[in-house]
Amino acid sequence: MKIASFNINGIKARLPVVLDWLKEAEPDVAILQEIKTVDEGFPREPFEDLGYNVETHGQKSFNGVALLSRLPLEDVVRGLPGAEGAGREGVDDEEARYIEATVVGEKAVRICGLYLPNGNPAPGEKYDYKLKWIERLSARAEELLRLEEPFLMAGDYNVIPQAEDAARPQDWVTDALFLPETRAAFRRLVHLGLTEALRARTRAHELYTFWDFQRGAWQRNDGIRIDHFLLSPQCADLLEDCQIDKDLRARDKPSDHVPIWVKLAA
DNA sequence: ATGGTGGACCATCCA
């Protein structure tokens, strides 16, 4: 089973790119972030025409996540638990950033798709919200780990785990994506017992998933690795491959992110 | 210190 994650930065602007990618990459499951539309505004038909079931958790203009799957998506849950009092002043979790569903192939895999808050500027309300969001995600991971079944949490974490995951780490030292407190929170999540799929497959450097639209970041390969797959132990046992589709960034009207995918024996 | 680009959408917010 091939499962891909892609922050598409707006489905309305990215529809041709995403459809072309699906036809080429042929993932069984696609986890999308930043659809930037309400559920009713998501163009379901072109994806259904490619054989995908579609589940969305959207909002107007910002954020929004979706799951596409050739196999049925079962037990869909929208939103990350524990939003009570976790939001910024007056915001809470109207921010649509999380969706879960189960896909049953040879084995059942629980798929958690997430768009973790950016958190800038830090310090501030937005950064507090980001750190709380990671703690809520960790609490959900602990719940799922108790089941001792295959699950994965994938998406745009907005976390640069280590200096080697940025072309210019010195440019990010005061940024919410790379602050020590951010990296420590991400490390605590992983250390609950999850496996970071890409690093389980390679220690190679210059493996990035995001290049800013500004300052010619792509042309200078000034990238960062912030899109991740975290696997439960039972899921990690099924891991066959994990790669980044870097070439998507060079196309017309690209997203600022590129897809990352895993292959599971499931 | 600022503005550089891009998306959603129409006055700015977010990244």
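Here is the naming used below: chain letters follow the sequence lines, and residue numbers restart at 1 for every chain. Note that these values count all heavy atoms, side chains included, but never hydrogens, waters or copies made by symmetry.
Note on ring orientation: taking the six-membered ring where Trp is involved, the planes of A:H228 and A:Y157 are tilted (angle from 30° to 60°).
Counting to the nearest Å, the P atom of B:dT5 and the CZ atom of A:R220 are 14 Å from each other. Atom P of nucleotide B:dC14 and atom OH of A:Y127 are separated by 18 Å, given to the nearest angstrom. Residue A:D222 contributes atom CG, which lies 16 Å from atom P of B:dT5 at whole-angstrom precision. Nucleotide B:dC13 holds its P atom 18 Å from the CG atom of A:N9, rounded to whole Å. Following rounding to the nearest Å, A:Q214 (CD) and B:dT2 (P) show an atom-to-atom distance of 15 Å. When rounded to the nearest whole Å, the span between CD of A:Q33 and C1' of B:dA8 equals 18 Å. For the pair A:L116 CG and B:dC14 C1', the computed distance is 16 Å after rounding to whole Å. With rounding to whole Å, A:E34 atom CD is found 13 Å from B:dC9 atom P.
Here B:dC10 sits opposite no nucleotide as a Watson-Crick or G-U wobble pair (both hydrogen-bonding atom distances under 3.5 Å). Of all nucleotides present, none satisfies the Watson-Crick or G-U wobble test against B:dG3 with each distance under 3.5 Å.
Along DNA chain B, the nucleotide closest to A:K36 and the one closest to A:N118 are compared, and the more 5′ of them pairs with A:K36. Annotation: of the two residues near DNA chain B, A:K60 and A:D212, the 5′-most nearest-nucleotide partner is A:D212.
Relative to the six-membered ring of A:Y98, A:R78 misses at least one condition, a distance below 6.0 Å or an angle of at most 45° to the axis. No cation-pi contact links A:R225 to A:Y208, judged by a cut-off of 6.0 Å to the six-membered ring centre and 45° from its axis.
Within the 4.0 angstrom heavy-atom criterion, no nucleotide atom of any strand lies near A:F210.
Remark: the separation of the P atoms in B:dC9 and B:dC14 is 14 Å, to the nearest Å. Going from the C1' atom of B:dA11 to that of B:dG7 covers 15 Å, rounded to whole Å. Between the P atoms of B:dG3 and B:dC13, the separation comes to 15 Å (whole Å).
Side chains of A:D245 and A:Q243: no donor on one and acceptor on the other come within 3.5 Å.
Side-chain nitrogen and oxygen atoms of A:K253 include none within less than 4.0 Å of the OP1 or OP2 phosphate oxygen of B:dG6.
You'll find that the side chain of A:F213 is closest to B:dG6, out of B:dA15, B:dG6, B:dC14. Among B:dA8, B:dC13, B:dA15, the nucleotide with an atom closest to any side-chain atom of A:K126 is B:dA15.
Atom CD of A:Q219 is surrounded by more than 12 heavy atoms from other residues, nucleotides or ligands within 6.0 Å.
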